[in-house]
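To start, the structure under review is shown below, and the notes come after it.
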Amino acid sequence: MIEIWPAIDLIDSTNVRLTEGKYDSKESMNRTAEEAIKFYSQFKSVSRIHVIDLIGAKNQQPTESDYIEQLVHLTDLPIEVGGGIRTLETIDAYFDKGIEYIIVGTKGISDINWLSEIAHRYPGKIYLSVDAYVEEIKLNGWIDDAGINLFEFITQIDGLPLGGIIYTDISKDGKLSGPNFELTGRLVTSTNIPIIASGGIRSKQDIEQLERLNVHAAIVGKAANTDSFWEGIS
């Protein structure tokens with residue numbers, strides 16, 4: 001089975017989920033971030049924890065870095081962090097706090113030279129989060145249109161030493177309606193950079209279908225908070 005990266009989205013240090021990236025759809029999860037990390041760490045197929053600072057993404061600067069540093073000490077699994085990361089100084093500060101991998105989004109999409117600089121500085125450690133409403137890329141916590149087509153953009157960054165591209169179809173996110181298999185599969189064949197699927201993943205069957213598409217890993221959000229998702233997953 002491909003790697004599973006459970007997601008913890010934070011607002012005011014609370015484990016929440018949004019639907020289609022809309023902040024007014026905020027829903028608190030049944031486990032705190034601390035409880036979720038301990039729960040996810042028991043599964044062999046979970047190879048890291050995916051943590052997003054949602055207010056940081058919206059405000060374009062991290063707001064949860066001190067709290068995230070506390071979460072690092074609750075697991076032996078690596079943690080990757082995203083949300084409002086726009087500077088090399090912020091990246092270095094997170095690495096100093098014990099974060100293993102960094103996710104950049106808006107800054108990396110809008111400034112490819114900067115993305116290339118940090119990718120070459122930390123090869124394999126930087127992940128680019130590309131959030132799109134189907135094929136139209138969104139920025140700043142899914143609020144603004146980038147005016148860039150998903151596949152046109154991918155051709156511009158192919159060859160960078162990124163750890164991977166995290167693709168989220170916003171139209172699927174938080175709905176438990178299944179990921180966008182068709183577009184995700186096209187992405188896998190469009191680049192040599194590993195593709196990580198995110199958004200709408202419901203079940204072990206979705207994970208298995210993504211594996212058949214040669215997706216590198218799956219980020220699971222709302223479904224990971226249900227016991228039924230983990231049935232049959234070790």
Donor-acceptor pair, Asn225 side chain versus Gly221 backbone, under 3.5 Å?
-> yes

Donor-acceptor pair, Glu35 side chain versus Thr32 backbone, under 3.5 Å?
-> yes

Do Asp12 and Tyr67 have side-chain N/O donor and acceptor atoms under 3.5 Å apart?
-> no

How far apart are the closest heavy atoms of Pro6 and Val46, and which atoms are they?
-> CD-CG1, 3.5 Å

Looking only at atom types and distance, does a side-chain atom of Ser25 sit under 3.5 Å from a main-chain N or O of Leu18, one as donor and one as acceptor?
-> no

Would you check if Leu213 and Ile195 make a side-chain contact, meaning some heavy-atom pair closer than 4.5 Å?
-> no

Is the backbone N or O of Glu64 less than 3.5 Å from a side-chain atom of Asp53, with the two atoms forming a donor-acceptor pair by type?
-> yes

Looking at Asp206 and Gly200, what are the two nearest heavy atoms and their distance?
-> OD2-O, 4.1 Å

Pairing residues for Phe43 by the ring pair (Phe, Tyr, Trp, His ring centres under 6.0 Å) criterion, not counting sequence neighbours | Phe39, Trp230

How about Tyr127 and Trp5: are their ring centroids closer than 6.0 Å?
-> yes

So CG of Leu10 and CG of Asn15: to nearest 0.5 Å the spacing works out to 7.0 Å

With a 4.5 Å heavy-atom cut-off, do Phe153 and Leu128 have their side chains touching?
-> yes

Locate the shortest heavy-atom distance separating Gly159 from Ile193; write the atom from each residue and the value.
-> N-CD1, 4.3 Å

Reported CD1-to-CD1 distance for the pair Ile49 and Ile4, which is rounded to 0.5 angstrom = 11.0 Å

If only atom types and distance count, is the side chain of Lys204 paired as donor or acceptor with the main-chain N or O of Gly232 below 3.5 Å?
-> yes

What are the two closest non-hydrogen atoms of Thr14 and Ser28, and how far apart are they?
-> CG2-OG, 3.9 Å

When Ile196 is tested against each of Val215, Ile166, Thr168 for side chain to side chain contact (heavy atoms under 4.5 Å, CB included), which residue passes?
-> Ile166

Out of His50, Lys26, Arg17, which residue meets the side chain to side chain donor-acceptor pair (under 3.5 Å) rule with Asp9?
-> Arg17

Report yes if the side chains of Ile85 and Ile102 come closer than 4.5 Å at any heavy-atom pair, otherwise no.
-> yes

Taking the side chain as every heavy atom from C-beta outward, state whether Ile201 and Leu210 have any atom pair closer than 4.5 Å.
-> yes

Of all the heavy-atom pairs spanning Thr87 and Trp114, show the shortest one and how long it is.
-> N-CZ2, 3.9 Å

Measuring from Thr63:OG1 to Lys58:NZ, what's the distance to the nearest 0.5 Å?
-> 11.5 Å

Going from CD1 on Ile148 to NZ on Lys138, what distance comes out if it is rounded to the nearest 0.5 angstrom?
-> 12.5 Å

First locate atom CD of Glu231, then atom OG of Ser203, and finally report the distance between them rounded to the nearest 0.5 Å.
-> 11.0 Å

Value rounded to 0.5 Å, distance of NZ in Lys107 from CD1 in Ile112 | 12.0 Å

Keeping the roles fixed (side chain from Tyr23, backbone from Leu54), state whether a donor-acceptor pair exists under 3.5 Å.
-> yes

Given the rule in the side-chain contact (heavy atoms from CB on, under 4.5 Å) test, do Glu152 and Ile137 qualify, once you have shown the distances and angles that lead to the verdict?
-> CA-CA 10 Å; Glu152 292 175 1; Ile137 294 177; over 6 Å; no

Does the side chain of Glu34 come within less than 4.5 Å of Leu71's, by heavy atoms?
-> yes

Say whether, by atom type as modelled, one donor and one acceptor occur between the side chain of Asn59 and the main chain of Gln61 under 3.5 angstrom.
-> no

Between Glu136 and Leu150, is any pair of side-chain heavy atoms under 4.5 Å apart?
-> no

Run the numbers on Ile103 and Ile52 for side-chain contact (heavy atoms from CB on, under 4.5 Å), then give the verdict.
-> CA-CA 9 Å; Ile103 305 161; Ile52 298 297; 4.0 Å; yes

Measure across Ile99 and Ile79 and return the closest heavy-atom pair with its distance rounded to 0.1 Å.
-> CG2-O, 3.3 Å

Any chain of hydrophobic side-chain contacts (each under 4.5 Å) joining Ile91 to Ile157?
-> yes

For the pair Glu135 and Leu183, evaluate side-chain contact (heavy atoms from CB on, under 4.5 Å) and give the outcome as yes or no after the intermediate values.
-> CA-CA 8 Å; Glu135 291 189 28; Leu183 276 185; 3.8 Å; yes

Which is it for Tyr40 and Ile8 under the side-chain contact (heavy atoms from CB on, under 4.5 Å) test, yes or no, and what are the steps along the way?
-> CA-CA 10 Å; Tyr40 299 145; Ile8 297 174; 4.2 Å; yes

Side chain to side chain donor-acceptor pair (under 3.5 Å) partners for Thr184, two or more places apart = none

Single-linkage hydrophobic cluster, 4.5 Å side-chain cutoff, Met29 and Ile219 together | no

Heavy atoms of other groups near Lys125 NZ, more than 12 under 6.0 Å | yes

Check ion pair Arg31-Asp227 (N to O, under 4.0 angstrom) | yes

Please check if the side chain of Ser110 supplies one atom and the backbone of Thr106 the other of a donor-acceptor pair under 3.5 Å.
-> yes

Verify, without hydrogens or angle tests, whether Ser41 (side chain) and Ile37 (backbone) share a donor-acceptor contact under 3.5 angstrom.
-> yes

